[in-house]
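One structure below.
Quick note: numbers below take in every heavy atom, side chains included, and nothing from hydrogens, waters or symmetry partners. Proteins come first, then strands; the chains are lettered A, B, ... in the order of their sequence lines, and each starts at number 1. As the structure is a computational prediction, the values presented were derived from the model and not from experiment.
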There are 2 protein chains.
Amino acid sequence: MTPMATQKEIARRAGVSVSVVSAVLNGTTHTRMSDETRARIEAAIAEVGYVPNDAARALRRQQAGTIAVVVEKLENPAYKELFHGIYEAAEARGWAVVLGDTVWMRSGSHFLARLLGRGSIDAILLRHDGLIDEEALAHLRARPTPVVLLERQSDPQDPWVAVDDSAAARLATEHLIEFGHTDIAFVGGTAGQPSTARYEGYVAAMNDARLSPREHLFTGFGAESGVRGLTELRSGDVLPTAVVVANVMSAVGLLAAAADAGIDVPRRLSVVGIHDVEIADVVRPSLTTVRLPMRALGVRAVEELSALLSGAPMEPGVIADPPPQVIARSSTAPAPAELTSRSDEL
Amino acid sequence: MTPMATQKEIARRAGVSVSVVSAVLNGTTHTRMSDETRARIEAAIAEVGYVPNDAARALRRQQAGTIAVVVEKLENPAYKELFHGIYEAAEARGWAVVLGDTVWMRSGSHFLARLLGRGSIDAILLRHDGLIDEEALAHLRARPTPVVLLERQSDPQDPWVAVDDSAAARLATEHLIEFGHTDIAFVGGTAGQPSTARYEGYVAAMNDARLSPREHLFTGFGAESGVRGLTELRSGDVLPTAVVVANVMSAVGLLAAAADAGIDVPRRLSVVGIHDVEIADVVRPSLTTVRLPMRALGVRAVEELSALLSGAPMEPGVIADPPPQVIARSSTAPAPAELTSRSDEL
DNA sequence: CTGAAAGCGCTTACAG
DNA sequence: CTGAAAGCGCTTACAG
């Protein structure tokens, strides 16, 4: 096995020109050749253990066959299904997928350079919750590399696809309302998509039920955010009987904080998290969540990218099918009777 | 801004040859030139918004400046720090990092092709727990692309670095022994690294304390594995008073199963998980863990890769500094007195 | 049915 | 101080 064999070497061994070697490798041109020639070439290919040079191929074809997926907080378990969907759809189209975290995209990083440069990445799928710096975003927009955003954009200068965050929060809220809750809070996220869309869904559900929505408590992401969320709720006049948490890890953090504070979930406080992930099923009490079609989001995103690359951009939009779905577990229950009637007490 | 400007276009605008353009871009050759020329070229570069073509560069330089990191179960929270360490060390050496999951590496995938091919990936960091198929591994080994394994190898034909899994499990076990436990089980993982190393550490600690180790319960990974682990433990004659779990998510799953079964953690059963991740602090009872230097592992792995690429391979080995460390939380407590003396009861 | 040649965009000896 | 040229490994019209 010759480590670095090229088509030239194969051509030499098989006594043909590189054109023919390339032809048997790609099957695009020179399709007609004698079986004997083809066999000789295939033997030589196997003999040297040929692997193509992707850089040369990318340069010549003017496309790398690779797309990048960049998300904020790679460790977010909600991305598991998203990645799977993206991977499957990309493979089906002949693309390799590479992943990265938005924190790697800081100005001047080699990672960013690879995204901005041409030749090694054909397109980018980007999901962020507002923590990415504007400079990096501006860099991206200034490049010809297509970028599809995995979140709703009010100003659709960038193509985007998104799950229905608003509907998800609406469902979560309605689930609580059906349980008789009237004082429901909304906690978590930052000012920006997708948190804002979720808050809007919550407000809509509250308004529909003629209930007063509370202010959006921007506590950020992660378990710590849930802990802070409960602290803020307890520092108010009245502790609500239920809370919608913008993010599943925050919801788990809020659950822990409630346990530590001796607040009984779900009897005194019901909790719903957005995004159904494994951990929701594993904490105690188990967490009621809203399942969002993250896998379908990944598939749609790749389709959008594909359309974009072929010059036929699709309508940006929200994934309607499958719709978000409440997964009821043990963290939600009917509102405590004594509180819904009088609405006081800590 | 001309979307696809090349050095040729810049040279034309500045009235120089591409050699000089390349020189100001890279600063390697043609270092002496008139300030006026340099200024004119820099102006042209800014004017067209030049970005290099990475494929052309990679082809010419015969290196891509990108390393791939492939792990099993991307969603494992223990990787968060590992990725961070790898990223920092790689950036410092001028490499971009791309991530992928081992399940993407199945034969014939475009992702695998990109790893196997030359030109776009200079080297690979690979971590797996035995779930990767041998065929993919054989493919990798047959290529000249350097691979560093992020786990201990008994047969060091591949370079490797690893955290001290054995010491971690030993510490976990000793922590329980200090609490007076004598009947301690070991649950989780598969037959293979790093689970085996952890089991060995457990056995060593038990032997040192003249206690009888139990059999390794191979239940796999993830929360489900912990649930199965508890089921198996309960189906035995005697439920141990403590358990070391090979994997932190499995430990959380075991905690949930214990709660559901009405087994009091930590008063009836103490639980320790390997790997300190955020979730350990957020479940209730919070989970005692052993913290492993995953960030240092990432840094060392990149150093090893760097040495390998420069033809001076380092000694493979275990990261001794910082050493593993027990993070005591609420899932471990002194052994129940009535059980350590009589050792029966369910 | 097969080969010679151009060219993707870059870097780097080499010549002047 | 600057330019012309070769060549990295591939694909693809084009010619025969």
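Atom CZ in Arg57(B) sits about 20 Å away from atom C1' in dC10(D), given to the nearest Å. Whole-Å rounding puts the Asn26(B) CG to dT12(C) P distance at 7 Å. The distance between atom CG of Asp54(A) and atom P of dC8(D), rounded to the nearest whole Å, is 18 Å. If you take CD of Gln62(A) and C1' of dA13(D), they are 16 Å apart, rounded to a whole angstrom. For the pair Arg12(A) CZ and dT2(C) P, the interatomic distance rounds to 19 Å; values are reported in whole Å. A straight line from CD of Gln7(B) to P of dT12(C) spans 11 Å, rounded to a whole angstrom. Regarding Ile10(A), its CD1 atom lies at a distance of 17 Å from the C1' atom of dT2(C), rounded to whole Å. As rounded to whole Å, 17 Å separates atom P of dC10(D) from atom CD of Gln63(A).
Looking at Ser306(B), its side chain never comes within 3.5 Å of a backbone N or O of Val302(B) through a donor-acceptor pair. Using modelled atom types, no side-chain atom of Thr145(B) and backbone atom of Leu140(B) make a donor-acceptor pair closer than 3.5 Å. Of the possible donor and acceptor atoms, one in the side chain of Asp101(A) sits under 3.5 Å from a partner among the backbone N and O of Leu74(A). With hydrogens and angles disregarded, no donor-acceptor distance shorter than 3.5 Å links the side chain of Glu304(B) to the backbone of Val161(B). Remark: the backbone N or O of Ser19(A) is not paired with any side-chain donor or acceptor of Ser22(A) at under 3.5 angstrom.
Nearest nucleotide to the Arg118(A) side chain, out of dC10(D), dC10(C), dC8(C): dC10(C). Closest to the side chain of Val20(A), from the set dT2(C), dT11(C), dC10(D), is dT2(C). Of all nucleotides listed (dC10(D), dG3(D), dT2(D)), dC10(D) comes nearest to the side chain of Asn53(A). Candidate nucleotides dT11(C), dG9(D), dT2(C) were compared by shortest atom distance to the side chain of Thr6(A), and dG9(D) ranks first.
With the 3.5 Å cutoff on both pairing distances, Watson-Crick and G-U pairs in DNA chain C assemble into runs of at least 3 at C:1-3 with D:14-16, C:5-12 with D:5-12, C:14-16 with D:1-3.
Under the 4.0 Å criterion applied to side-chain N and carboxylate O atoms, Glu47(B) and Arg13(B) are assigned as salt-bridge partners.
Applying the salt bridge (charged side-chain N to carboxylate O under 4.0 Å, His left out) test to Arg93(A) and every residue at least two apart in sequence or in another chain returns nothing.
Between Val16(B) and Ala56(B), it is Val16(B) whose nearest contact on DNA chain D lies nearer the 5' terminus. Where Gly15(B) and Lys8(A) each meet DNA chain D at their nearest nucleotide, the meeting point lying more 5' is that of Gly15(B).
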Between protein and nucleotides 5-7 of chain C, what N or O pairs are separated by less than 3.5 Å?
residue : atom : partner  : partner atom : Å
dG7(C)  : N2   : Arg60(A) : NH1          : 3.3

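Between the side chains of Arg114(A) and Thr66(B), at least one donor N or O lies within less than 3.5 Å of an accepting N or O.
Listed pair Ser22(A) / dT11(D) meets the phosphate criterion, a side-chain N or O lying under 4.0 Å from OP1 or OP2.
A 6.0 Å sphere centred on CD of Glu36(A) holds more than 12 heavy atoms belonging to other residues, nucleotides or ligands.
Using cut-offs of 30° and 60° for the angle between ring planes, the Tyr87(A) and Trp104(B) rings count as parallel.
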